[in-house]
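Naming: A, B, ... by sequence-line order, numbering from 1 per chain.
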Protein chains: 4
Amino acid sequence: MPEPKQPVGRPRDSQIDHAIASATRALLAERGYAKLTVDAVASRAGIGKAAIYRRFATKQEMIFAATVHDMEEQPPPDSGSLHGDLEAVCEVIAEQLSTAAPDVLHGLLADLHGDSSLGARFTGTFIERERFVIDTVLARAVERGELAAAPDAAIVHALLLGPIFYWLLILIGDRDRLPDLVRTTAAAVADTLAATAPPSR
Amino acid sequence: MPEPKQPVGRPRDSQIDHAIASATRALLAERGYAKLTVDAVASRAGIGKAAIYRRFATKQEMIFAATVHDMEEQPPPDSGSLHGDLEAVCEVIAEQLSTAAPDVLHGLLADLHGDSSLGARFTGTFIERERFVIDTVLARAVERGELAAAPDAAIVHALLLGPIFYWLLILIGDRDRLPDLVRTTAAAVADTLAATAPPSR
Amino acid sequence: MPEPKQPVGRPRDSQIDHAIASATRALLAERGYAKLTVDAVASRAGIGKAAIYRRFATKQEMIFAATVHDMEEQPPPDSGSLHGDLEAVCEVIAEQLSTAAPDVLHGLLADLHGDSSLGARFTGTFIERERFVIDTVLARAVERGELAAAPDAAIVHALLLGPIFYWLLILIGDRDRLPDLVRTTAAAVADTLAATAPPSR
Amino acid sequence: MPEPKQPVGRPRDSQIDHAIASATRALLAERGYAKLTVDAVASRAGIGKAAIYRRFATKQEMIFAATVHDMEEQPPPDSGSLHGDLEAVCEVIAEQLSTAAPDVLHGLLADLHGDSSLGARFTGTFIERERFVIDTVLARAVERGELAAAPDAAIVHALLLGPIFYWLLILIGDRDRLPDLVRTTAAAVADTLAATAPPSR
DNA sequence: ACTTAAACGAGACGGTACGTCCCGTCTTTGC
DNA sequence: GCAAAGACGGGACGTACCGTCTCGTTTAAGT
């Protein structure tokens, strides 16, 4: 029996889930990743620490849940060309990333890769999902006849999203210029792929 | 006179600087960024904690100094072509980065951007130095007649080094395939630049 | 209403109070006052340092509480004569003091008078209590007709207990001879008082 | 040869001895025993720490030397009676003690008895000297015929000086009343001795 | 309505690391 | 060839968090 887990006792209060998430986000914005403490989140949310640890095993999981909560990524609608598809993919990622402060992303990434289980979960969701999106748009291009064969998706992944991450996380570049970067990147990747795997005439 | 600051008292023992740096690096390699403690560094280096805090205000500054100690980046020798120069720049960065464990890079970046003074210092040295290297190779290309005008260096910076960081820090990709990525990236950027700012015929 | 202060949250574990006190006393006996460390107390008591600092603001307060825990001093039973009463008072004090090592007494007194709040607390409890005992036996003597009027209690206090403290703390005298000293002191004080304030015939 | 110790090199600067002692006394008065640091003394005296440690093995010795520097105690001139002699002894001690703050005396005593070598030295000088003074006045009384035999000097020592120490160190009593206490104590001890060892008629 | 079982706010708990301070020693340069 | 200035190893201090664990109270579902 797959254990329907008939609930006994007081059920979890779903308001608390929201309170935790929004307190976490507020404190991240106010004080930064490094100075976020679980006690502060509990206090700000008006709840006890136990309510947090009943939901999340570690502080990192809490932050992870509060920050990447709704990042659902779907392959973009078929734009009719590889170039258009790649640009759409880039744009979505860029938009999502630019809502977060760089120090939060760095802190989260550091903690993610410092904890192997969380790291695996991150790779298993976000990275895989991005990869799937890229696979999809590449397959479309092959089908469309733009490319002779699907190139290595991992390399394309890095070429396409790397510049955006670097701009936001390392260069801490001006966000107004992000659209420029997105356009240039998408164009460069599209051209390179076309040159490397030209359609068999 | 700009204060020659003639030293009085016992001078700092430069052997201790080395001992701190190498103990830090050893412990980072052995136990990882998250488990590095100042006491452990002092103990391993055979010194007192005070000697560390006399040199560095925080643990983060110590790690910063110990890890980025000798990263001197010079523009690569002129290879004769923009493509060759870009590839050389990429290779050097890729080589430097791959000597460090990903968790150290993440931890360091997180701490860097969690402390504004350190973050500014990082940008003011490494990023500026990388930017200078890129400026140099772009200027060479213009001089050579490969490009009509030097393109925006910041964008080139992101396009060129972003994929490598992404590969190592986010994808945690196979390091054996890094040379492939470097080649592809350099080629893509060179082609894009040539297409965007072609030599005035 | 004088604030009944209904407790919320997890209450303090009173076993820990005992564990701290007995670990402190054990370590004082084993290693002496100067070598007592808070970490050692915590470790010996099997608790965290935070549990100590939640109860006591400083190491000194902890030692104060641990060493003077149960020193409840009551006026001795009426022996029928001033001399007998004074001797009883002396004996009790002498016995209590001789259970402690001189270095602990010195250390404690030094810390007491190095921290004004602790010093005031010490005076407000022990000294006051001793004074009350002395007041009581003097009042008895007046009632009994042994003395015409109660003499200055502060002077009597010093005359009666001073020699014992001096013997134990300054002379570090042989403890076997303490009973002798107690007898002589009590006799001297009783005689002096009788001579100074004789019963009005 | 009894080693005339012909001095080699630069002789010690005796001004420094004074500077150390007065800086120590000033800081003791300003900040108290517990907060006295060697660095502060050196800085205040305008000298290096080494100059201090060249003269004293420990901080305690330095304070000891600075505070008890000139306490030379001689038996008082013969007053003609035991009572008068005892009172004179008391007065001298009381005067010397009341120049020092109680926290300094306590701190010093604590450190003295925490360090056995210094403790022995203290006993070997001050206590012995006091004892000699008491022995002397008791011998005079015997010679004079006031006492049949010299009583136990240790007990007399405690009886005579204990109340003064207690008043100043434990009760932190009013110093204006010290003369009263001295008179009462001397009278009590004189009477008791006379009663215990009356002159053989 | 009453029992039961879990969730709740509050906050104490063991543990670990931090950064500071001081001691007594050692090592320079300058007088 | 000593002195000041101050760096050094060592070690304790008191603080701050983490993730866990009681308390006494509250809330739903099942009797």
Side-chain angles (χ1 to χ4, degrees), chain A residues 6-13 15-16 35-40 42-43 45-60 62, chain B residues 6-16 34-40 42-43 45-60 62, chain C residues 6-16 34-40 42-43 45-60, chain D residues 7-13 16 35-40 42-43 45-54 56-60 62:
Chain A
Q6 140 193 21
V8 186
R10 177 173 175 175
R12 296 251 173 100
D13 182 345
Q15 288 198 326
I16 290 181
K35 293 191 177 164
L36 182 80
T37 71
V38 176
D39 287 83
S43 162
I47 59 169
K49 259 202 301 183
I52 293 175
Y53 282 105
R54 211 172 284 118
R55 289 166 170 76
F56 308 105
T58 65
K59 174 187 171 183
Q60 283 72 38
M62 178 190 73
Chain B
Q6 131 191 29
V8 287
R10 177 174 175 175
R12 298 263 169 91
D13 183 344
S14 71
Q15 289 198 325
I16 288 182
K35 293 192 178 164
L36 182 81
T37 70
V38 176
D39 287 86
S43 162
I47 60 170
K49 249 199 311 181
I52 293 177
Y53 282 105
R54 209 172 287 119
R55 290 167 168 76
F56 309 105
T58 64
K59 174 185 167 182
Q60 283 74 38
M62 177 191 74
Chain C
Q6 137 192 16
V8 289
R10 177 173 176 174
R12 296 263 171 91
D13 184 344
S14 72
Q15 289 198 325
I16 289 181
K35 293 191 178 165
L36 183 79
T37 71
V38 177
D39 286 86
S43 161
I47 60 171
K49 247 199 312 182
I52 293 177
Y53 282 105
R54 210 173 286 119
R55 290 168 170 75
F56 309 105
T58 63
K59 174 184 169 183
Q60 283 73 38
Chain D
V8 184
R10 176 169 171 177
R12 293 239 178 111
D13 183 345
I16 290 181
K35 294 191 178 165
L36 182 81
T37 70
V38 177
D39 288 84
S43 161
I47 59 169
K49 262 203 297 182
I52 293 176
Y53 282 104
R54 209 171 290 121
F56 309 104
T58 64
K59 173 187 170 184
Q60 283 74 37
M62 177 191 74

Mind checking side-chain contact (heavy atoms from CB on, under 4.5 Å) for Q60(C) and listing every partner two or more places apart, or none if nothing turns up?
-> T58(C), D111(C), L118(C)

Between C1' of dC22(E) and CD1 of I52(D), the distance in whole Å = 13 Å

Listed by chain and number, what are the salt bridge (charged side-chain N to carboxylate O under 4.0 Å, His left out) partners of K49(B), not counting sequence neighbours?
-> D39(B)

Once base and sugar-phosphate atoms are separated, protein heavy atoms under 4.0 Å mark nucleotides 16-23 of chain F, 5' to 3', with B, S and - as -SSBBBBS

Would you sort out whether R54(B) and I16(B) count as a side-chain contact (heavy atoms from CB on, under 4.5 Å), showing the intermediate values?
-> CA-CA 11 Å; R54(B) 209 172 287 119; I16(B) 288 182; over 6 Å; no

Find the distance I16(A):CD1 to dT26(F):P and express it as a whole number of Å.
-> 15 Å

Distance check: side-chain N/O of R55(B) vs OP1/OP2 of dG19(E), anything under 4.0 Å?
-> no

With the side chain of R12(B) defined as its heavy atoms from C-beta on, choose the nearest nucleotide among dG9(F), dA7(F), dC8(E).
-> dA7(F)

What pairs with A40(A) under side-chain contact (heavy atoms from CB on, under 4.5 Å), at least two apart in sequence or on another chain?
-> L27(A), T37(A)

Want to settle it: does D13(A) or I47(C) sit nearer the 5' end of DNA chain E, counting the closest nucleotide to each?
-> D13(A)

Apply salt bridge (charged side-chain N to carboxylate O under 4.0 Å, His left out) to R55(A) and list each qualifying residue two or more places apart in sequence or on a separate chain.
-> D17(A)

Hits for salt bridge (charged side-chain N to carboxylate O under 4.0 Å, His left out) against D13(A), two or more places apart or cross-chain, chain-then-number order -> none

